[in-house]
Amino acid sequence: MFTLTGTLLNIIEKSKYKKDNIEVDTKSKLQILVETARANGAKVKELHTISIPDEKINMYKDKLGKEVSIEVGILSKEKVNFYGV
């Protein structure tokens, strides 16, 4: 596991949608703005949307606009995607 640190910009609550007349649950997600340094020293900010377990959403509700650290795993084919653990 890794720890991702950045500014919590948004919380996306879990929801439901219908696909082929079947109701599907989505996970709660956090949107984190992360600053990284490139090899030439330039700083770049990237927005990551991270799904997290439902029982952990309350840990972040009072942290909007603040720096947070989240334990994450990585899903990747070509582009790296994070998910909260």
Side-chain angles (χ1 to χ4, degrees):
M1 297 298 153
F2 297 95
T3 300
L4 187 68
T5 301
T7 303
L8 178 60
L9 295 182
N10 191 24
I11 296 173
I12 302 168
E13 299 287 342
K14 71 179 189 171
S15 62
K16 295 182 181 193
Y17 69 94
K18 282 193 174 184
K19 181 176 182 179
D20 299 326
N21 288 328
I22 299 173
E23 202 166 82
V24 179
D25 287 329
T26 65
K27 289 186 175 184
S28 299
K29 296 177 180 67
L30 304 176
Q31 290 188 307
I32 310 292
L33 189 62
V34 178
E35 184 175 271
T36 56
R38 290 190 172 170
N40 66 1
K43 294 185 179 181
V44 177
K45 293 185 180 185
E46 294 181 71
L47 181 64
H48 296 280
T49 301
I50 304 165
S51 63
I52 62 169
D54 293 338
E55 63 272 8
K56 292 191 175 185
I57 194 70
N58 289 329
M59 294 171 50
Y60 299 99
K61 292 212 177 208
D62 62 341
K63 294 182 171 62
L64 282 171
K66 297 179 183 173
E67 186 173 281
V68 295
S69 294
I70 302 170
E71 289 183 358
V72 297
I74 298 175
L75 297 172
S76 178
K77 289 184 182 174
E78 293 180 18
K79 179 184 175 206
V80 173
N81 293 309
F82 297 105
Y83 65 94
V85 293

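The figures that follow rest on heavy atoms only: side chains count, while hydrogens, waters and symmetry mates do not. Throughout, residue positions are numbered sequentially from 1 according to the sequence presented.
At most 12 heavy atoms of other shown residues, nucleotides or ligands fall within 6.0 angstrom of atom CG in N21.
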(message) Evaluate I32 against T5 for side chain to side chain contact (heavy atoms under 4.5 Å, CB included), listing each step before the verdict.
(response) CA-CA 8 Å; I32 310 292; T5 301; over 6 Å; no

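Within the 3.5 Å criterion, the main-chain N or O of I22 finds no donor-acceptor partner in the side chain of D20.
V44 and L4 sit in two unconnected hydrophobic clusters of ILVMFWY residues. Membership requires side-chain heavy atoms under 4.5 Å apart, directly or through other members. A continuous path of ILVMFWY side-chain contacts below 4.5 Å connects V34 to L30, so both sit in one hydrophobic cluster. In the hydrophobic clustering of this structure, F2 does not group with L33; members are Ile, Leu, Val, Met, Phe, Trp, Tyr whose side-chain heavy atoms approach within less than 4.5 Å, directly or through other members.
A pairwise comparison of heavy atoms in Y60 and L8 identifies O-CD2, 3.4 Å as the closest pair. The heavy-atom pair separating K14 from T26 by the smallest distance is CB-O, 3.1 Å. Nearest heavy-atom pair across S28 and I57 is CB-CD1, 3.7 Å. Considering all non-hydrogen atoms of both residues, K29 and K27 come closest at NZ-O, 3.4 Å. Across all non-hydrogen atoms, the minimal contact from I11 to K61 is CD1-CA, 3.7 Å.
Expressed to the nearest 0.5 Å, how far CD1 of I50 lies from CD1 of I70 amounts to 4.5 Å. Taken from CD1 in I12 to OG1 in T49, the straight-line distance is 5.5 Å, to the nearest 0.5 Å. To the nearest 0.5 Å, atoms OG1 (T7) and CG (L47) are separated by 11.0 Å.
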